[in-house]
Number of protein chains: 2
Amino acid sequence: MHCGEMGSRWGFNRTIGQMCGLLIITKNPMTANEIADALSISRGNVSMGIKELQSWQLIKVQHIPGDRKEYYAPAGDIWDMANRVFEERKKREIDPTLSLLRDNLLDEAVNEDELYAQKQMGEIHNLLETVTKWSSELQRLTPEQLNKLMKLGSGIGKVIDLKDKIFKKE
Amino acid sequence: MHCGEMGSRWGFNRTIGQMCGLLIITKNPMTANEIADALSISRGNVSMGIKELQSWQLIKVQHIPGDRKEYYAPAGDIWDMANRVFEERKKREIDPTLSLLRDNLLDEAVNEDELYAQKQMGEIHNLLETVTKWSSELQRLTPEQLNKLMKLGSGIGKVIDLKDKIFKKE
DNA sequence: ATTTACTTTCTGAAATTACTGAAAGTTACT
DNA sequence: AGTAACTTTCAGTAATTTCAGAAAGTAAAT
C-alpha cells in the first residue's frame, strides 16, 4: 500500500507502484491474475501496469514448464532496479530540458533582457550537463569501487586533497 | 513554456513550473500581477503558486522602498535552487519510505514469506540509507572540492584504488 | 472609520488521468 | 478448423488535479 502512495512521487501511478512493491516482496513469480486478486484491481489494469513496468525494465516474464500462464518477477536486484528508475527519470526529467536549452543557447540575444535570460539558461545547462556526466561515470565504476566510494562519505574530500598534493609534488 | 511542460515531472504542476522558469530568466523581481499577466493565468493561481514555491524555498520576497507591492525573485543561484529541489524531493520521495521500512523491520516475521519480504525490505532500506548518507555528505564538501570531484569523473575509480594502495603500504 | 491597494482563500467548473469490464486478440493444443 | 486458456486493447466512467474568478482578508494612507 505504501508503494502505491509513493508511486506517483516515483514516476508512475498508484496501481503500478503497488504492483512493483508486491512483486518485490513476493518470493515466487506471480501471474497477472494473482496480482489482480492480491491488489483487488481489474485484470486489464494489471495488463497495462505490466507493460509500463516492462518499459522501465523493472520486471521480467518467466515461464514455468507445462504452464501456459506468464509469470512476472522483478528484473534484477534492488540496486539494479534503483539504477533503472534513476536512468529512466533522467531521460524524462533532464534530457528534454537539456536539448531545449542547447537549442536556445544557439539563438542570438537581441537585447539586454534576452542576454540575461541566456546567461541563466547557460547556468542551468552547465549544471545539468555536469550532473548527467557525473552520474553516467559513476555507473561505469565496478560495484566494489562504488561501495568503497559510498563508504568513504565525506572523507572523499580528504582523498581529493591528498591526490592534489601528490600530483603537485611530482 | 517548457518549464510548464516539465513542471509536473519536477514535482510541481504546470503553472508553478512556468512561474519558476519566468522568475529565473527575468532579471528584475516581478510582482504577482506581472507574473499573472506574463503567463495569462489568474491572480489567485499565482498566489497559490507563490506559496508553493516558497515552501520549496525557491523564491523570496523583496520590497522596493516606497512601493507597497511584493516583488518576487529566485532565492539564490541555480546551484542553490537545484540543491533545494533535490533536498525537497528526497524529503518527499525517500524519507517516508525509509521510516516505514524501519518500522516494518522491527516486526517479527512469522513465516517464510514474511521472512523473504523482510529480507527484500532490508535491501531497500540499505540502499536508501546509503544514498541518503552519501548525498548529505556530498553537500558538506566545499564547492571547489565538489567541482574537482565532478571534473574527475570516472577517474574517481583510479583515485580510490590509489588511496587503497597507500593505506595498505602504511 | 473609510478607502485604496494589495494578498489569500475558497468554490465549483474544466481538464486530465486512472480504472473497469467487456470485447477482441493471441497462442497452443486437439 | 475449433476450442480453451490465456493476454491486450479500448470505450466509457470514475477519481483526481488544476484552475479561474469571486469573496474575504490585511494593512497602510487619508
Side-chain angles (χ1 to χ4, degrees), chain A residues 1-23 28-56 58-73 89 92-93, chain B residues 1-23 29-56 58-73 92-93:
Chain A
M1 291 308 110
H2 175 80
C3 289
E5 284 152 37
M6 283 291 137
S8 55
R9 299 197 193 282
W10 279 94
F12 15 77
N13 68 31
R14 184 158 46 86
T15 329
I16 293 177
Q18 289 178 354
M19 288 175 56
C20 191
L22 178 64
L23 287 174
N28 299 313
M30 299 180 82
T31 64
N33 276 320
E34 284 168 353
I35 296 171
D37 287 351
L39 303 174
S40 308
I41 58 179
S42 76
R43 184 60 187 69
N45 204 2
V46 171
S47 184
M48 311 257 236
I50 286 168
K51 224 170 65 179
E52 177 79 4
L53 285 172
Q54 277 174 332
S55 88
W56 286 72
L58 291 175
I59 61 171
K60 65 182 174 195
V61 189
Q62 275 183 348
H63 284 278
I64 293 186
D67 190 338
R68 226 165 102 191
K69 290 193 277 297
E70 318 220 271
Y71 285 78
Y72 300 95
R89 287 180 73 170
R92 299 179 185 204
E93 298 174 4
Chain B
M1 292 308 111
H2 175 80
C3 289
E5 284 153 37
M6 283 291 135
S8 55
R9 300 197 190 282
W10 279 94
F12 16 77
N13 68 31
R14 182 156 51 86
T15 328
I16 293 178
Q18 288 178 353
M19 289 176 54
C20 190
L22 178 65
L23 288 173
M30 300 179 82
T31 63
N33 276 319
E34 283 169 352
I35 296 171
D37 287 351
L39 301 175
S40 309
I41 57 178
S42 76
R43 183 62 187 67
N45 206 357
V46 170
S47 182
M48 310 260 236
I50 286 168
K51 221 172 67 182
E52 177 78 5
L53 285 172
Q54 277 173 333
S55 88
W56 286 73
L58 291 174
I59 63 172
K60 64 183 175 194
V61 189
Q62 275 183 345
H63 285 278
I64 293 184
D67 190 337
R68 226 165 100 192
K69 289 191 278 297
E70 318 221 270
Y71 286 78
Y72 300 96
R92 299 180 186 201
E93 299 175 2

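Any value given below was found using the heavy atoms of this structure, including those in side chains, with hydrogens, waters and symmetry copies removed. Sequence lines set the chain letters: A, B, ... in the order given, protein chains first and strands last, and positions in each chain run from 1. Note that this is a predicted model, so its numbers are computed, not measured.
Using a 4.0 Å cutoff on non-hydrogen atoms, the parts of residues 5-19 of chain B near DNA chain D are B/N13, B/R14, B/T15, ordered by number. Within residues 42-52 of chain A, the residues having any heavy atom closer than 4.0 Å to DNA chain C are, in order of number, A/S42, A/G44, A/N45.
A straight line from CD1 of B/I35 to P of C/dT8 spans 11 Å, rounded to a whole angstrom. If you take CD of A/E70 and C1' of C/dG25, they are 14 Å apart, rounded to a whole angstrom.
For DNA chain D, the contact window with chain B, defined by any atom under 4.0 Å from a protein heavy atom, covers D/dT18 to D/dA27 in 5' to 3' order.
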Detail all sub-3.5 Å separations between protein N/O atoms and N/O atoms belonging to nucleotides 26-30 of chain C.
{"unit_1": "C/dT27", "atom_1": "O2", "unit_2": "A/R68", "atom_2": "NH2", "d": "2.7"}

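The shortest heavy-atom contact between B/V61 and B/H63 is CG1-NE2, 4.0 Å. Across all their heavy atoms, B/P29 and B/E34 have their closest contact at O-OE1, 4.2 Å.
Taking OH of B/Y72 as the reference point, atom NZ of B/K60 lies at 14.0 Å (rounded to 0.5 Å).
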Under 3.5 Å, which donor-acceptor pairs link side chains of residues 41-54 of chain A to any protein atom two or more places apart or in another chain?
{"unit_1": "A/S42", "atom_1": "OG", "unit_2": "A/N45", "atom_2": "N", "d": "3.1"}
{"unit_1": "A/R43", "atom_1": "NE", "unit_2": "A/N33", "atom_2": "OD1", "d": "3.3"}
{"unit_1": "A/E52", "atom_1": "OE2", "unit_2": "A/W56", "atom_2": "NE1", "d": "3.1"}

For residues 6-21 of chain B, dump all side-chain donor-acceptor pairs below 3.5 Å to protein atoms at least two apart in sequence or in another chain.
{"unit_1": "B/R9", "atom_1": "NE", "unit_2": "A/R92", "atom_2": "O", "d": "3.4"}
{"unit_1": "B/W10", "atom_1": "NE1", "unit_2": "A/E93", "atom_2": "O", "d": "3.3"}
{"unit_1": "B/N13", "atom_1": "OD1", "unit_2": "B/T15", "atom_2": "N", "d": "3.2"}
{"unit_1": "B/N13", "atom_1": "OD1", "unit_2": "B/I16", "atom_2": "N", "d": "3.0"}

Legend entry - Intermediate values then yes/no, side-chain contact (heavy atoms from CB on, under 4.5 Å), A/Q62 and A/I64: CA-CA 7 Å; A/Q62 275 183 348; A/I64 293 186; 5.9 Å; no
